[in-house]
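A short write-up of the structure that comes next.
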There are 2 protein chains.
Amino acid sequence: MKSNLYKKKAQIFKALSNPVRLEIIDFLADGEKCVCEIVEKLNYEQPHISKSLIKLKETGLIKDRKEGLNVYYSLKICCMGEFFNCLNKVLEID
Amino acid sequence: MKSNLYKKKAQIFKALSNPVRLEIIDFLADGEKCVCEIVEKLNYEQPHISKSLIKLKETGLIKDRKEGLNVYYSLKICCMGEFFNCLNKVLEID
DNA sequence: TTATAATATTCCATTTTTGGAATATTGTCA
DNA sequence: TGACAATATTCCAAAAATGGAATATTATAA
């Protein structure tokens, strides 16, 4: 069923349709980070960051790795860079 | 202000976060289409299609051209093809 | 075993999105 | 003008997203 694929893609875009989550992805593009680093960098409440990370993970955009008390998150999809570059160009035009 | 850019990008992703709108974009990748063609192809109510098109246009993802009674829509951003291909690969893995 | 640091979860009110149904607008042609 | 075809708009109830606040969980180390 092709419509099912559209639903799955829509889910991915929905996960990306939030400024905080985009900022997280942008930061993760720099490499794996633990939650505390993300909280420190982005200046949002820890629960907010945590919920954002979980949503991104559920959608399959990032993955996590536990090490002691820390949880490290990293990007799972590598094709976003080009797309983001394109979006930047588009947004510059306006 | 960088956070403003994240908001704008989030808006774009929000516009893409709906199966019907994705299906429209997929169809438009084939070239310019008038509303009636889209309605016929996608099998949704005309007002629904119309609202979807307007949302995509507001976000700057598509543009329109009027000719008599018809309104023709076409893609305005060309970098979606690669990104969609990547998403397809990601979705196949699951 | 207790305290603490790191992270996750729950609860909740507010806002936003969704999609159906009815209706309005606009352009064309007889 | 009047009828009709193509498209847009409005209204609305249900569903989903948002983000703050409080709280829970988990692992570690003393």
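Here the structure is a predicted model, which is why all the values come from computation and not from measurement. Chain letters run A, B, ... following the sequence lines, proteins first, then strands; residues in each count from 1.
- Rounded to whole Å, atom P of D:dG19 lies 10 Å from atom NZ of B:K7.
- Residue A:I54 is in sugar-phosphate contact alone, with no base atom involved, counting any heavy-atom pair closer than 4.0 Å across all strands shown.
- Each of A:L69 and A:Q11 lies near DNA chain D, and the nucleotide nearest A:Q11 is the one positioned closer to the 5' end.
- Listed by first then second residue, pairs satisfying salt bridge (charged side-chain N to carboxylate O under 4.0 Å, His left out) with a partner in residues 41-59 of chain B read B:K57-B:D64, not counting sequence neighbours.
- B:K55 comes within 4.0 angstrom of sugar-phosphate atoms only, judged by non-hydrogen atoms across all strands, and of no base.
- Comparing A:P47 and A:P19 by the nucleotide of DNA chain D that holds the closest heavy atom to each, the one mapping nearer the 5' end is A:P19.
- No hydrogens or angles were tested; on distance alone, a donor-acceptor pair under 3.5 Å links the side chain of A:Q46 to the base of C:dA8.
- Following rounding to the nearest Å, B:L42 (CG) and D:dT7 (C1') show an atom-to-atom distance of 16 Å.
- Judged purely by distance below 3.5 Å, without hydrogens or angles, the side chains of A:D26 and B:Y6 pair a donor atom with an acceptor atom.
- When rounded to the nearest whole Å, the span between OH of A:Y44 and C1' of D:dT18 equals 13 Å.
- Going from atom CD1 of A:I49 over to atom P of C:dT9 covers 15 Å, rounded to whole Å.
- Paired with B:Y73 under the rule side-chain contact (heavy atoms from CB on, under 4.5 Å), one option of B:I24, B:V35, B:I25 passes, and it is B:V35.
- Nucleotide D:dT7 holds its C1' atom 14 Å from the CD atom of B:E37, rounded to whole Å.
- Across the interface with DNA chain C, nearest-nucleotide mapping of B:K14 and A:Y73 shows A:Y73 to be the residue nearer the 5′ end.
- Here C:dT10 presents its P atom at 17 Å from NE2 of A:H48, a figure rounded to the nearest Å.
- Distance NZ (B:K51) to P (C:dT16): 17 Å, rounded to an integer number of Å.
- Looking at B:S50, its side chain never comes within 3.5 Å of a backbone N or O of B:P47 through a donor-acceptor pair.
- Side-chain proximity of A:C36 to D:dA8, C:dT7, C:dA5: nearest is C:dT7.
- Distance CG (B:N70) to P (C:dT28): 10 Å, rounded to an integer number of Å.
- Of the candidates C:dT9, D:dT7, D:dT18, the closest approach to any side-chain atom of A:N18 belongs to D:dT18.
- B:K66 comes within 4.0 angstrom of nothing in the nucleic acid, heavy atoms only.
- Within the cation-pi definition used here (under 6.0 Å to the ring centroid, within 45° of the axis), A:K33 qualifies as a partner of A:F27.
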